Structures are given as structure tokens and as C-alpha cells.
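In what follows, a single structure is set out as C-alpha cells and then discussed.
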Amino acid sequence: MVSSNDSDEVLISRYFGGEMPAFETLYSRYRAPLYRFMLRSLRSKAEVEDLYHEVWSRIITASQRFSDATPGAFRAYLYQIARHLLIDRGRRATLQLVEADDPPEVASDAPAPDEQLHYADCGERLLLAIDGLPAEQREAFLLKEESGLSLEQIAALVSAGRETIKSRLRYAMKKLRELLEECL
């Protein structure tokens, strides 16, 4: 029986053992964060949809060779596929940030209208600020914040050193803090 507490590596192993609910659990676990990561890299939702489905298609067909039981290995593998597809697509066009259409979830005790305007403005400014980061900083930031990958996993994914990734993240965070000082 599949449990939502099972590790990704256990779930992918069970899926290839014939348990379809294991794949459904993996898919639902990564549906939102993977989609957001890809959406923030492209302007066209249609292209994101195509690439997003291509990621899962590759998992289904190619990951039968995936057998790394190291915690976090499947997540890194998943985002590596997504990143490679984005790079391939980026070679044909410029990668840019887009704003998600999904509105943020609002708590039951909603803020006052002026606070809502402030939050909306800050959200727009954040997206623009992320879009304005140099490509390497933006990529490191999105891989860290959207995917939850570790510094080591990001470093391996982009073929850079761990300290380089730390620097990219530090510069990205410094720039974002400067640009969003009024929102913090």
C-alpha cells in the first residue's frame, strides 16, 4: 500500500514494480512546485504545459534506469530533466519570468483592502525583481526556492561548485532585499 510518507525513491521503485498509485503520489507531490519552477522560466503557458508533460513522459520512459536510493536523488533527477528541457527550449528563444495566474490562497480573516493592494504590489515587484536577476542567479534562486534542492544538488545540476552556488544565492538575495525593502 502506498503512503504519502513514502520517499520519492520508494515511490518510483514501487511504480516500476507496477503500483500506479505510487506514480500518482509522486505526480501530486511535485505537480505544483515543478510547474511553478517551469512557469517562472518561460512566458508561454502553452510551452510550459508541453515541457511539463514532457518531463513526466521522460520519467515514465527513461527513469526505469533510475535506481539511486539516496534521499533527494529523485527530486534532483526530476528537476534536472526539467532544467535540460528549459535549456533546450531556451536555445530557441529567450528564457523569461512569467506571473502565475493562480491567485495566492487567502486566510479566512482576509487583510484589509489597502493591505491587499500592498501585498499584490509586493508580489508583482518580487516577480519583476526575480526576472531582473542575472540568469545564473535567477536559476540558482528558483532551483533553491521552488524545488527545495540542496546546494550540492544545485551545484551538480548546473555543473558549478557549491561555493559558486552559495555566492549566486547570496547575491540574488541581496539584490532582492534591496529592491523589495519596502515590502519586508
Side-chain angles (χ1 to χ4, degrees), residues 5-12 26-27 29-43 47-48 51-52 54-56 58-59 62-63 65-100 102 104-105 119 121-184:
N5 294 330
D6 288 340
S7 73
D8 299 338
E9 294 71 28
V10 168
L11 291 171
I12 195 70
L26 266 178
Y27 184 85
R29 183 177 290 172
Y30 287 104
R31 184 181 63 203
L34 179 64
Y35 188 84
R36 276 192 314 268
F37 169 72
M38 296 178 78
L39 186 63
R40 285 180 172 83
S41 298
L42 297 175
R43 287 223 180 262
E47 287 183 81
V48 170
L51 291 178
Y52 178 79
E54 179 65 21
V55 169
W56 288 105
R58 289 188 183 190
I59 291 291
S63 69
R65 291 170 276 164
F66 181 84
S67 61
D68 190 347
T70 307
F74 177 79
R75 178 188 306 216
Y77 180 68
L78 179 69
Y79 280 89
Q80 181 178 32
I81 292 171
R83 180 178 179 269
H84 286 174
L85 288 172
L86 289 168
I87 288 170
D88 289 346
R89 190 260 171 212
R91 289 183 179 133
R92 295 184 303 268
T94 302
L95 294 177
Q96 295 184 7
L97 180 71
V98 295
E99 183 177 332
D102 299 331
E105 291 185 22
Y119 293 142
D121 180 55
C122 287
E124 289 175 26
R125 290 176 60 193
L126 174 62
L127 291 173
L128 289 171
I130 292 170
D131 191 31
L133 291 172
E136 291 175 335
Q137 291 176 18
R138 182 177 58 241
E139 179 181 52
F141 178 81
L142 290 174
L143 284 169
K144 178 74 175 151
E145 296 303 320
E146 289 294 335
S147 71
L149 294 175
S150 69
L151 294 177
E152 292 79 11
Q153 290 170 323
I154 296 170
L157 191 64
V158 301
S159 301
R162 182 183 187 280
E163 294 302 314
T164 300
I165 299 303
K166 276 178 66 174
S167 293
R168 289 175 186 173
L169 289 170
R170 184 176 64 248
Y171 289 127
M173 292 302 291
K174 180 181 178 191
K175 181 73 169 177
L176 292 174
R177 275 191 212 100
E178 290 171 2
L179 294 172
L180 301 168
E181 187 174 344
E182 296 169 10
C183 295
L184 300 176

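For clarity, every value in this text was computed on a predicted model and none was experimentally measured. Residue indices begin at 1 and follow the sequence shown.
Ala82 and Leu34 make their closest contact through CB-CD1, 3.7 Å (heavy atoms, listed as atom of the first residue, atom of the second, distance). Taking every heavy atom of both residues into account, Arg138 and Leu133 meet most closely at NH1-O, 3.2 Å. Across Leu179 and Arg125, no two heavy atoms sit closer than the pair O-NH2, 2.9 Å. Scanning both residues, Ala129 and Leu176, for their nearest heavy atoms gives CB-CD2, 3.5 Å.
Taking the salt bridge (Lys or Arg N to Asp or Glu O under 4.0 Å) definition, one finds that Glu146 meets it with Arg36, Arg40, sequence neighbours left out.
Atom CD of Glu145 is surrounded by more than 12 heavy atoms from other residues, nucleotides or ligands within 6.0 Å. Crowding of Arg170 atom CZ: a count of heavy atoms from other residues, nucleotides or ligands under 6.0 Å exceeding 12.
Ring orientation note: the planes of Tyr52 and Tyr35 are nearly perpendicular, at an angle over 60° on the 30°/60° scale. Between Tyr79 and Tyr30, the ring planes are perpendicular. Angles over 60° get that label, and only those under 30° would be called parallel.
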Please step through side chain to side chain contact (heavy atoms under 4.5 Å, CB included) for the pair Ile59 and Ile12, ending with a clear verdict.
CA-CA 9 Å; Ile59 291 291; Ile12 195 70; 4.0 Å; yes
Please assess Gln80 against His84 for the test side chain to side chain contact (heavy atoms under 4.5 Å, CB included), listing each intermediate value before the final yes or no.
CA-CA 6 Å; Gln80 181 178 32; His84 286 174; 3.7 Å; yes
For Tyr77 and Asp8: C-alpha separation, side-chain torsions, deciding distance, then whether side chain to side chain contact (heavy atoms under 4.5 Å, CB included) applies.
CA-CA 11 Å; Tyr77 180 68; Asp8 299 338; over 6 Å; no
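Considering CD of Glu47 and CZ of Arg89, their distance stands at 4.0 Å, rounded to 0.5 Å. Leu126 contributes atom CG, which lies 4.0 Å from atom CD1 of Ile130 (distance to the nearest 0.5 angstrom). Taken from CE in Met173 to CD in Gln137, the straight-line distance is 11.5 Å, to the nearest 0.5 Å. In this structure, CZ in Arg83 is found 10.5 Å from CG in Asp88, a value given to the nearest 0.5 Å. One finds the CE atom of Met38 at 4.5 Å from the CG atom of Leu86 (value rounded to the nearest 0.5 Å). For the atom pair CZ (Phe74) and CG (Leu26), the distance works out to 4.5 Å, reported to the nearest 0.5 Å.
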Quiz: residues 153-168 side-chain donor-acceptor pairs under 3.5 angstrom, not counting sequence neighbours:
residue : atom : partner : partner atom : Å
Gln153  : OE1  : Ser150  : N            : 2.9
Gln153  : OE1  : Ser150  : OG           : 3.4
Gln153  : NE2  : Gly72   : O            : 2.9
Arg162  : NE   : Glu152  : OE2          : 2.5
Ser167  : OG   : Glu163  : O            : 3.1

